**Q** 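One structure coming up, written as structure tokens, with questions to follow.
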2 protein chains.
Amino acid sequence: MNIGQAAAETGVSAKMIRHYESIGLIAPASRSESGYRRYGETELRTLAFLSRARRLGFSVAQMRELLALWRDEARASADVKRLAMAHVAALDAKAREIAEMSGALRHLAERCGGDDRPFCPIIDRLASG
Amino acid sequence: MNIGQAAAETGVSAKMIRHYESIGLIAPASRSESGYRRYGETELRTLAFLSRARRLGFSVAQMRELLALWRDEARASADVKRLAMAHVAALDAKAREIAEMSGALRHLAERCGGDDRPFCPIIDRLASG
DNA sequence: TATGAGGGTTCCCATCATGGGAAGGTCAAG
DNA sequence: CTTGACCTTCCCATGATGGGAACCCTCATA
């Protein structure tokens, strides 16, 4: 199977597959006589794994760890759980930070008339607060 | 006042001040005879404005709009409010997305023993779900 | 068989906000 | 006059992703 079909079946773009290969996240694909990358069942499974991990917000560095744990049949589930929970904590912190920004801004906007007059606490606060 | 002190007083790094100047977000600073950038009250106020907007998560493009509204004494507060609320909506969407990722991952992790055995639903789910 | 569409390949550039660092000029204090 | 802290410009890097050029390969169809 060529890279285009592998991309279609796994949800990882051809661009990203080449990228993942170039940074060593996945092993270099074997090549056809004409130089095309070839993908089989094993590679597809790896790409699908990465696609799902990415959708859960894992970074490339974390996906590298996950891949190692995935391939290690003797891994302790504790290792996986630790990695996952660390990621959960980071995601929660990010979400909280964004929610705080949103809340502060909404608070200001609620005090803004939203009419034709120029006074607005948002600008006011940014200008001198 | 030189760029270093302006940076210290406004919370915008010297690097970023130069950057904001280079992309036209702020006007080029006047220069001393030896070529040093000079900052006065007006410039400091603008930088502090930007520093606060940035802390609220506004993008450079949005800060450009905010700056225009700030400088326009005849602005309608409706314009400011619209911009702010659009940003609030974007922030909320982002926070929700991250919370969803976190929730899905936490759900998986809760079903993982976290012990020495290899089975873990996190890996399982990533591998075949 | 020629040709065109639609793959594939590598390589470079862009995003966004930010920082690191080098090479060299300037200033103030000892 | 030296030293150290500051300034200048310029280039490079991040992380994940995409755009696009220039070129090669393959297959179906006129």
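Remember, predicted model here, so these are calculated numbers, not experimental data. Labels below follow one simple rule: chain letters A, B, ... track the order of the sequence lines, proteins then strands, and each chain is numbered from 1.
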**Q** Can you tell me the distance, in whole Å, between the CZ atom of A/Arg55 and the P atom of D/dA16?
**A** 16 Å
**Q** Do NZ/NE/NH1/NH2 and the carboxylate oxygens of A/Arg106 and B/Asp92 come within less than 4.0 Å?
**A** yes
**Q** If only side-chain N and O atoms of B/Ser34 are considered, is one of them under 4.0 Å from the OP1 or OP2 phosphate oxygen of D/dC7?
**A** no
**Q** Using a heavy-atom cut-off of 4.0 Å to chain B, what are the terminal contacting nucleotides of DNA chain C, in 5' to 3' order?
**A** C/dA17 to C/dC27
**Q** How would you label the contact of A/Arg31 with the nucleic acid (heavy atoms, under 4.0 Å): base, sugar-phosphate, or nothing?
**A**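 Result for A/Arg31 = sugar-phosphate.
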**Q** Could you verify whether a donor N or O on one side chain and an acceptor N or O on the other, from B/Arg18 and B/Ser22, lie under 3.5 Å apart?
**A** no
**Q** Here's a test of your reading of the structure: between A/Ser13 and B/Gly35, which maps to the more 5' nucleotide of DNA chain D?
**A** B/Gly35
**Q** Looking for any heavy atom pair under 4.0 Å, which part of the strands does A/Ser32 touch: base, sugar-phosphate only, or nothing?
**A** nothing
**Q** If you fit an axis to the five pairs at each end of the helix from C/dT1-D/dA30 to C/dG30-D/dC1, how big is the angle between those two axes, to 10 degrees?
**A** 30°
**Q** Do any pairs count as a ring pair (Phe, Tyr, Trp, His ring centres under 6.0 Å) and have a residue in residues 107-129 of chain B, sequence neighbours left out, and if so which ones?
**A** none
**Q** Looking at A/Leu44, is its backbone amide N or carbonyl O close enough to the side chain of A/Thr10 to form a donor-acceptor pair, meaning the two atoms are under 3.5 Å apart?
**A** no
**Q** Taking the nucleotide of DNA chain C with the nearest heavy atom to each, does B/Val60 or B/Glu33 sit closer to the 5' end?
**A** B/Val60
**Q** For nucleotides 3-6 of chain D, tabulate all protein N/O to nucleotide N/O atom pairs closer than 3.5 Å, reporting atom names and distance.
**A**
none

**Q** Counting heavy atoms not belonging to B/Asp72, are there more than 12 under 6.0 Å from its CG?
**A** yes
**Q** Between atom NZ in B/Lys15 and atom P in D/dT8, what is the gap in whole Å?
**A**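 B/Lys15 atom NZ is separated from D/dT8 atom P by 11 Å.
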**Q** Nearest whole angstrom, please: distance from the C1' of D/dT9 to the CD1 of B/Ile17.
**A** 16 Å
**Q** Would you say that more than 12 heavy atoms from the other residues, nucleotides or ligands in this model lie under 6.0 Å from the CZ of B/Arg52, or not?
**A**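 Above 12, so yes.
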**Q** Please list, chain by chain and in numerical order, all residues satisfying side-chain hydrogen bond (donor to acceptor under 3.5 Å, both in side chains) with A/Ser32, sequence neighbours excluded.
**A**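 side-chain hydrogen bond (donor to acceptor under 3.5 Å, both in side chains) list for A/Ser32, sorted by chain: A/Ser34.
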**Q** With sugar-phosphate meaning primed atoms plus P, OP1 and OP2, does B/Arg54 contact a base, only sugar-phosphate, or nothing at under 4.0 Å between heavy atoms?
**A** sugar-phosphate
**Q** Is the backbone of A/Tyr36 close enough, under 3.5 Å, to the side chain of A/Arg31 for a donor and an acceptor to pair up by distance?
**A**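 No, A/Arg31 side chain to A/Tyr36 backbone: no donor-acceptor pair under 3.5 Å.
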**Q** Using whole Å, report how far CG of A/Leu50 lies from C1' of D/dT17.
**A** 15 Å
**Q** Describe the nucleic acid contact of B/Ser59 in one word from base, sugar-phosphate, nothing, applying a heavy-atom distance below 4.0 Å.
**A** sugar-phosphate
**Q** Going only through I, L, V, M, F, W and Y residues with side-chain contacts under 4.5 Å, is there a path from A/Met101 to A/Ile122?
**A**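 No, no single cluster joins them.
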**Q** Mind checking A/Arg37 for me? I need base, sugar-phosphate or nothing, with any heavy atom below 4.0 Å counting as a touch.
**A** sugar-phosphate
**Q** Is it the case that over 12 heavy atoms from other parts of the model lie below 6.0 angstrom from the CZ atom of B/Arg125?
**A**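 Counting neighbours around CZ of B/Arg125, 12 or fewer heavy atoms of other residues, nucleotides or ligands fall under 6.0 Å, so no.
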**Q** When all nucleic acid strands are considered with a 4.0 Å heavy-atom cut-off, which category describes B/Phe58: base, sugar-phosphate, or nothing?
**A** nothing
**Q** So among A/Cys120, A/Pro121, A/Pro118, which one has a side chain to side chain contact (heavy atoms under 4.5 Å, CB included) with B/Val80?
**A** A/Cys120
**Q** Could you tell me which residues satisfy side-chain hydrogen bond (donor to acceptor under 3.5 Å, both in side chains) with B/Arg71, sequence neighbours excluded, listed by chain and number?
**A** none
